[in-house]
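What follows is one structure encoded as structure tokens, with my remarks underneath.
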Amino acid sequence: MSSNNNDFFVIKAMEDGVNVIGLTRGTDTRFHHSEKLDRGEVMIAQFTEHTSAVKVRGKAVIQTSHGEMTNESDD
Ligand code: TRP
């Protein structure tokens with residue numbers, strides 16, 4: 001059985017320079033990808049065999065199967 005699910009999550013940047021950072025699955029938890037989004041850009045992604053957690057830095061709307069949330073700006 002896979003530890004992943006196939007749900008997508010959506011991140012919409014509400015300011016320039018929002019960072020979406022993917023963290024590795026497994027015992028070694030580290031950053032493996034940083035995607036920079038400018039205001040209005042949308043990233044649609046999944047958790048995968050390689051990615052078990054995501055960190056979002058900057059003002060963005062985040063939709064997941066757990067609901068929708070808005071985080072605050074960095075400044
Ligand atoms: N190569 C990554 C992976 O398959 C791509 C990726 C998927 C990703 N979901 C992500 C990168 C979320 C950052 C955030 O796992």
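Both ligands and their constituent atoms are indexed starting at 1 by order of listing.
Residue-to-ligand polar distances keep His33 apart from ligand 1: every N/O pair is separated by 3.5 Å or more.
The backbone N or O of Asp38 lies less than 3.5 Å from no partner atom in the side chain of Asp16, so there is not a single donor-acceptor pair.
Considering only heavy atoms from C-beta on, Val18 stays 4.5 Å or farther from Glu35 through its side chain. For the pair Asp7 and Phe47, the minimum side-chain heavy-atom distance is 4.5 Å or more.
Only the side chain of Thr48 comes within 4.0 Å of ligand 1, judged by heavy-atom distances.
No hydrogens or angles considered: a donor-acceptor pair under 3.5 Å links the side chains of His32 and Thr51.
The closest approach between any non-hydrogen atom of Gln46 and ligand 1 is below 4.0 Å.
Residue Thr51 holds the heavy atom nearest to atom 2 (C) of ligand 1 of all those in Leu23, Thr51, Thr24, Ile21.
Counting protein heavy atoms under 4.0 angstrom from atom 4 (O) of ligand 1 gives one or more.
A distance of 11.0 Å separates CD of Glu15 from CG of Leu37, quoted to the nearest 0.5 Å.
Ranking the protein heavy atoms by distance from atom 1 (N) of ligand 1 puts His32 CE1, 4.8 Å first.
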